[in-house]
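Residue numbers run from 1 in the order of the sequence given.
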Amino acid sequence: MTRWRVLVLVAVAIMIAAFFAFDLERYFTLDSLKAQQATIAAYRDAHPWSAAAAYFILYVSVTGLSLPGAAVLTLAGGAVFGLVWGTLLVSFASSLGATLAFLAARFLFRDAVQARFGERLKTIDAGIAKEGAFYLFTLRLIPAFPFFLVNLAMGLTALPVRTYYWVSQLGMLAGTIVYVNAGTELAKLDSLSGILSFRLLVSFALLSVFPLFAKKAVQMMKSRRVYSKWPRPARFDRNLVVIGAGSAGLVASYIAAAAKAKVTLVEKHKMGGDCLNTGCVPSKALIRSAKLLSHIKRAKEFGIREASAQFEFAEIMDRVQRVMRTVEPHDSVERYERLGVECMAGKARITSPYAVEIKTPAGLKTLTTRAIVIAAGAQPFVPPISGIEEVGYCTSDTVWSLRELPKRLLVLGGGPIGSELAQCFARFGSKVTQVEMLPRILPREDADISEMVAKRFRAEGIAVLAGHAAKRFLVDNGEKVLIAEHEGQEVRIPFDLLLCAVGRIANTSGYGLEELGIPTTGARTIETNDYLQTLYPNIYACGDVAGPYQFTHVAAHQAWYAAVNALFGRFRRFRADYSVIPWATFTDPEVARVGLNEGEAKEKNIPCEVTRYALDDLDRAITDEEAHGVVKVLTAPGKDRILGATIVGDHAGELIAEFVSAMKHGIGLNEILGTIHVYPTLAEANKYVAGAWKRAHAPKRLLQLVQRYHAWQLG
Ligand SMILES: Cc1cc2nc3c(=O)[nH]c(=O)nc-3n(C[C@H](O)[C@H](O)[C@H](O)COP(=O)(O)OP(=O)(O)OC[C@H]3O[C@@H](n4cnc5c(N)ncnc54)[C@H](O)[C@@H]3O)c2cc1C
């Protein structure tokens with residue numbers, strides 16, 4: 001806690017303690033108010049403005065400090081100032097006091113709560129950002145709801161202060177009027193509970209559920225409106241039609257078939273989509289060949305005097321194709337038909353929320369369906385840089401058909417795809433230049449992590465040009481050239497082949513989204529809610545087309561939610577859970593991450609401790625000549641709870657799994673430390689980082705005592 005926080009906390013604690021120590025509570029009872037009414041009224045007659053100001057300040061103080069007595073003070077407002085002035089004073093004072101209590105809770109506790117429940121709070125904050133005002137309004141309408149609890153709880157969320165103020169004022173108005181009015185007839189009141197008769201309570205309860213009903217009604221009307229111009233078929237041909245047979249579509253259709261639904265999977269190109277045909281599988285196959293070459297080059301490090309490799313680039317690319325053919329049956333029509341999925345080859349177009357038209361080689365076919373899952377994937381983004389079409393380029397879609405190794409390869413983009421491919425081509429013998437506009441490659445990772453990869457790239461002969469913005473391409477004397485800008489200077493980069501890897505954009509056009517008016521996001525993915533529903537609640541989207549992540553495992557994860565919600569959403573819907581998402585970049589060294597990294601923690605102001613374990617110390621890494629890299633773990637301050645982990649090193653993509661399970665199941669570093677890891681394995685690094693954390697948190701006093709005990713035992 002910062003000094004300011006401690007000071008504020010102490011000040012608030014002293015004021016609250018004084019209130020109870022001096023038994024000030026006795027002045028905030030109905031009897032005391034009745035007894036003092038005449039005296040207070042006399043003071044008000046003599047000094048109306050001072051009386052109002054004093055009352056206002058007292059009210060703000062009591063509510064701001066969350067002290068008991070607000071109800072009696074509200075009655076006093078009516079008794080002393082009458083209905084109109086009383087209501088005005090109470091309404092502003094209570095809203096101001098509530099906002100002060102809200103701000104105090106936020107200032108004192110929000111960071112601590114965020115550190116403890118960061119990910120869960122993120123979900124709550126997302127809900128609050130969407131509907132916080134609405135929920136607050138509902139809570140405020142019920143005067144029986146503890147006023148101070150609402151203030152304190154809401155202070156822990158990310159609800160904007162201004163929204164909190166005005167919604168509180170508006171929401172509390174009805175209750176304020178009831179109490180102030182009761183105060184105008186103070187003499188008739190016997191108890192505080194008498195103010196809220198049963199009928200009045202029921203009215204408030206009805207009033208509070210009214211917004212909920214209103215919201216539901218608006219939702220139903222909206223939903224009716226989006227569907228209004230689309231006639232609903234009397235019968236459906238399918239329970240579900242899935243568009244796209246990539247990682248997302250395959251899983252969605254499989255889940256539907258497993259749940260015995262009648263499902264059709266439509267694919268216009270190749271089963272397996274991006275991952276099998278142009279993404280994960282070919283890239284990892286290529287990486288494997290490139291790694292073997294790098295090992296041969298490093299033969300001396302392994303005690304082998306000389307080793308060389310004879311290879312043809314075309315044969316390596318043939319191997320990549322062979323690997324793809326070997327994996328192909330996993331995603332084949334035959335396999336999915338066996339699993340109960342009807343597979344159709346053709347281009348799908350959504351013609352209504354209930355119908356999908358499929359252009360097959362045999363002609364057009366239309367299927368009516370209860371629900372649709374869009375899993376249409378993404379494609380490489382080619383930036384509109386002047387001259388790019390003239391120099392020509394390949395992308396992650398087309399690079400696999402290369403049969404000749406480019407002499408000089410220019411890789412545009414420092415993300416995972418650009419980095420993986422840059423290193424492969426460099427290892428095969430291309431002179432590779434990697435250009436990245438941002439200050440470093442792998443910009444999503446921490447600076448020290450990307451530097452480890454960049455350092456290795458440079459050592460392998462790759463020219464890593466970070467901070468270089470591509471300005472234009474040209475052909476100069478038959479030579480292809482990129483003109484980039486670096487620190488205000490133009491830099492000339494000649495090359496033979498351009499590989500464009502600056503990101504991938506979702507496929508959102510040409511298959512009916514425009515006609516149905518399905519909106520897209522700023523990131524140009526299909527807009528979905530937490531349940532992966534689009535504007536039409538029976539049309540879902542998952543995978544790269546929906547974002548926000550572009551990984552095979554996330555596509556498959558989302559697909560489960562999309563399929564289950566599409567089939568069973570009327571009984572129960574599931575929110576897609578992104579709380580523990582891992583990923584890896586398969587460069588050498590590999591970089592794998594789950595949860596927060598240091599940069600994000602700083603950016604989001606999440607307090608954390610960072611523990612590192614350098615892999616140059618690990619026995620297995622040393623035996624394998626791979627003694628480099630790091631395991632970096634972020635934990636909540638003083639706790640072993642893991643907020644995130646990044647691993648750089650050999651097989652980092654495998655090693656991260658332990659932290660993924662730990663985070664998913666709430667396992668801390670103490671438990672990882674207490675788990676037996678096989679010796680000698682790279683996985684021991686995870687235990688050692690836990691050990692490093694433990695040493696940093698060793699109970700020093702206790703150990704000193706134990707040391708003395710041992711010394712005493714020696715006699
Ligand atoms: C080079 C590279 C390496 C990668 N490496 C990894 C990795 O190591 N790990 C990882 O997790 N991810 C990796 N990815 C990302 C991963 O491939 C994608 O995130 C994943 O494939 C997305 O799956 P998807 O089902 O959303 O889309 P896709 O796999 O793209 O599938 C979409 C399918 O929809 C079809 N389609 C589109 N429109 C229609 C239509 N109208 N009618 C019928 N069919 C249609 C397309 O033909 C396509 O087959 C890599 C990507 C690339 C490019």
Side-chain angles (χ1 to χ4, degrees), residues 115-120 445-446 448-449 452 551-554 556-557 577-586 588-598 600-601 606-703 706-707:
R116 180 87 183 83
F117 304 103
E119 282 309 314
R120 261 174 275 170
E445 309 302 341
D446 280 337
D448 56 336
I449 303 292
M452 286 181 187
F551 300 114
T552 288
H553 45 278
V554 180
H557 177 71
D577 171 14
Y578 301 114
S579 54
V580 184
I581 301 282
W583 63 82
T585 302
F586 296 89
D588 185 1
E590 285 180 13
V591 178
R593 168 131 84 96
V594 59
L596 278 183
N597 69 3
E598 232 181 322
E600 284 174 359
I606 298 176
C608 64
E609 288 174 9
V610 182
T611 309
R612 288 181 175 78
Y613 173 75
L615 292 175
D616 55 4
D617 196 42
L618 185 69
D619 291 2
R620 184 55 190 261
I622 295 167
T623 63
D624 289 358
E625 295 292 347
E626 297 292 353
H628 53 82
V630 72
V631 181
K632 190 171 164 187
V633 180
L634 269 65
T635 42
K639 307 255 162 51
D640 73 335
R641 196 167 50 85
I642 303 163
L643 302 176
T646 303
I647 305 180
V648 183
D650 210 27
H651 298 293
E654 312 280 341
L655 299 182
I656 200 74
E658 186 162 15
F659 292 109
V660 180
S661 300
M663 285 183 70
K664 177 77 190 161
H665 302 291
I667 292 166
L669 287 181
N670 277 318
E671 278 109 327
I672 291 185
L673 184 62
T675 305
I676 301 170
H677 290 64
V678 172
Y679 178 86
T681 55
L682 295 175
E684 279 187 304
N686 296 344
K687 186 179 162 118
Y688 292 151
V689 78
W693 175 86
K694 189 76 180 173
R695 278 192 300 283
H697 292 82
K700 293 194 179 69
R701 287 243 172 86
L702 182 68
L703 286 176
V706 174
Q707 193 177 19

- Taking side chain as C-beta onward, heavy atoms only, is N670 less than 4.5 Å from K694? yes
- Reported CG-to-CD distance for the pair D588 and E626, which is rounded to 0.5 angstrom: 6.0 Å
- Query: How many angstroms lie between CG in L682 and CD in E654, if you round to the nearest 0.5 Å?
  - Reply: 10.0 Å
- K632 and E598: CA distance, side-chain angles, deciding distance, salt bridge (charged side-chain N to carboxylate O under 4.0 Å, His left out) verdict: CA-CA 9 Å; K632 190 171 164 187; E598 232 181 322; 2.8 Å; yes
- Task: Taking the side chain as every heavy atom from C-beta outward, state whether L669 and F659 have any pair of such atoms under 4.5 Å apart.
- Result: yes
- Query: Atom OG1 in T646, atom CD in E445: separation rounded to 0.5 Å?
  - Reply: 6.0 Å
- Item | Rounded distance [0.5 Å steps], CG in L643 versus CE in M663 | 6.5 Å
- Item | Considering all heavy atoms, the nearest L634-C608 contact | CD2-SG, 3.8 Å
- Task: Check step by step if side-chain contact (heavy atoms from CB on, under 4.5 Å) holds for H557 and F551.
- Result: CA-CA 10 Å; H557 177 71; F551 300 114; over 6 Å; no
- Quick one: closest heavy-atom pair of I647 and A652, and the distance? O-CB, 3.5 Å
- Task: Work out which heavy atom in I581 is nearest to a heavy atom in D577; give both atom names and the distance.
- Result: CD1-O, 4.5 Å
- Item | Rounded distance (nearest 0.5 Å) linking atom CE of M452 with atom CG of D446 | 10.0 Å
- Query: Below 4.5 Å, heavy atoms only, C-beta onward: do W693 and T635 meet side chain to side chain?
  - Reply: yes
- Tell me, please, which residues at least two apart from K687 pass side-chain hydrogen bond (donor to acceptor under 3.5 Å, both in side chains). none
- Message: Please enumerate all residues that pass side chain to side chain contact (heavy atoms under 4.5 Å, CB included) together with E671, with sequence neighbours excluded.
- Response: D640, I667
- Message: If I compare all heavy atoms of R593 with all of L596, which pair ends up nearest, and what's the gap?
- Response: NH1-C, 3.8 Å
- For the pair D650 (side chain) and A621 (backbone), establish whether a donor and an acceptor sit closer than 3.5 Å, ignoring hydrogens and angles. no
- Query: Quick one: side-chain hydrogen bond (donor to acceptor under 3.5 Å, both in side chains) partners of Y613, sequence neighbours excluded?
  - Reply: none
- Message: Ignoring hydrogens, what is the shortest heavy-atom contact between V631 and V689? Give both atom names and the distance.
- Response: O-CG2, 3.7 Å
- Message: So does G638 get a backbone contact from the side chain of E609, meaning a donor-acceptor N/O pair under 3.5 Å?
- Response: yes
- 4.5 Å side-chain heavy-atom contact, Y688 and H677: no
- Note on the structure: Value for CD1 (I656) from CD (E590), rounded to nearest 0.5 Å, stands at 11.0 Å
- Could you please spell out the steps behind the side-chain contact (heavy atoms from CB on, under 4.5 Å) verdict for H697 and R695? CA-CA 5 Å; H697 292 82; R695 278 192 300 283; over 6 Å; no
- Note on the structure: Of all heavy-atom pairs linking P582 and H553, the shortest is O-NE2, 2.7 Å
